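This chain uses plain numbering: 1 for the first residue, then up along the sequence. The structure presented is a predicted model; accordingly, all values stated were derived computationally and were not measured.
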Amino acid sequence: MKKSEQKSTVIGGCHCGQVQFEIRIPDTVVVQRCNCSICSRSGFVHLIVAAGDFNLIRGQDSLTEYRFNTGQARHLFCSRCGVKSFYVPRSNPDGYSINLLCLQLPAGIQVEAEDFNGQEWEQNAARLRHLSL
């Protein structure tokens with residue numbers, strides 16, 4: 001995406017509404033469908049954004065953190081409804097991975113999906129690095 005390209009503001013959040021955020025995204029986004037243990041079990045569809053394009057509106061006090069394996073990724077869940085609508089990924093610690101399924105996408109946003117082999121994360125993680133820059 002070119003720096004001069006306009007972005008739309010999109011609202012997202014957990015199921016109960018206690019956690020709400022907004023992100024800025026271009027009209028066409030690329031998301032990753034990951035097959036790792038946590039993503040495949042939770043149905044998380046990744047839309048990685050830079051930290052500057054993410055704003056937590058409410059719910060900071062409602063977030064519960066879970067870390068596993070290397071402990072670098074910060075999986076954040078609503079303590080009330082249990083939904084992980086976003087988290088800080090190990091691949092992009094300077095950004096956020098948003099669950100596409102937790103967004104209120106306006107008409108006109110095009111979504112392109114690609115598969116990501118998270119079962120072999122170490123060999124594939126560099127493919128994601130540019131997404132939060």
Pairs under 3.5 angstrom only: tabulate donor-acceptor contacts from the side chains of residues 99-112 to other protein residues two or more places apart or in another chain.
| from | atom 1 | to | atom 2 | distance (Å) |
| --- | --- | --- | --- | --- |
| Asn99 | OD1 | Val45 | N | 3.3 |
| Asn99 | OD1 | Leu101 | N | 3.0 |

Less than 3.5 Å apart, which donor and acceptor atoms pair up between the side chains of residues 26-36 and the rest of the protein, not counting sequence neighbours?
| from | atom 1 | to | atom 2 | distance (Å) |
| --- | --- | --- | --- | --- |
| Gln32 | NE2 | Glu114 | OE2 | 3.2 |
| Arg33 | NE | Asp115 | OD1 | 2.9 |
| Arg33 | NH2 | Asp115 | OD1 | 3.0 |
| Asn35 | OD1 | Gly118 | N | 2.7 |
| Asn35 | OD1 | Gln119 | N | 3.0 |
| Asn35 | ND2 | Asn117 | OD1 | 3.4 |

Can you list the residues that meet the side-chain contact (heavy atoms from CB on, under 4.5 Å) rule with [X], with sequence neighbours excluded?
| X | answer |
| --- | --- |
| Thr64 | Ser79 |
| Val49 | Ile23, Ile25, Leu47, Asp53, Phe54, Tyr96, Ile98 |
| Phe77 | Tyr66, His75, Lys84 |

ask   = Which hydrophobic side chains are connected to Tyr87, either touching it within the sub-4.5 Å cutoff or through other members that do?
value =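 Reading the cluster by chain and number, Tyr87 sits alongside Phe44.
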
d(Asp94 CG, Arg129 CZ) to nearest 0.5 Å is 4.0 Å

Taken to the nearest 0.5 Å, the spacing of Ser97 OG from Leu131 CG works out to 9.0 Å

Quick note, salt bridge (charged side-chain N to carboxylate O under 4.0 Å, His left out) partners involving residues 60-75, not counting sequence neighbours, are Glu65-Arg67, Glu65-Arg74

Using the side chain to side chain donor-acceptor pair (under 3.5 Å) criterion, which residues pair with [X]? Sequence neighbours excluded.
| X | result |
| --- | --- |
| Ser37 | none |
| Asn55 | Glu22 |
| Glu122 | Arg90 |

**Request:** Let me see the working for Leu56 and Leu63 under side chain to side chain contact (heavy atoms under 4.5 Å, CB included), right down to the final yes or no.
**Result:** CA-CA 11 Å; Leu56 183 61; Leu63 293 172; 4.2 Å; yes

Does Arg58 reach the main-chain N or O of Gly17 with its side chain, forming a donor-acceptor pair under 3.5 Å?
-> yes

Nearest heavy-atom approach of Ser91 to Leu128 is OG-CD1, 3.7 Å

Taking every heavy atom of Ser132 against every heavy atom of Ala50, the minimum-distance pair comes out as O-CB, 3.2 Å

Counterpart residues, salt bridge (charged side-chain N to carboxylate O under 4.0 Å, His left out), relative to Arg80 (two or more places apart) =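 Partners of Arg80 under the salt bridge (charged side-chain N to carboxylate O under 4.0 Å, His left out) test: none.
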
Quick one: side chains of residues 8-16, donor-acceptor pairs under 3.5 Å with protein atoms, not counting sequence neighbours, listed by atom name and distance.
none

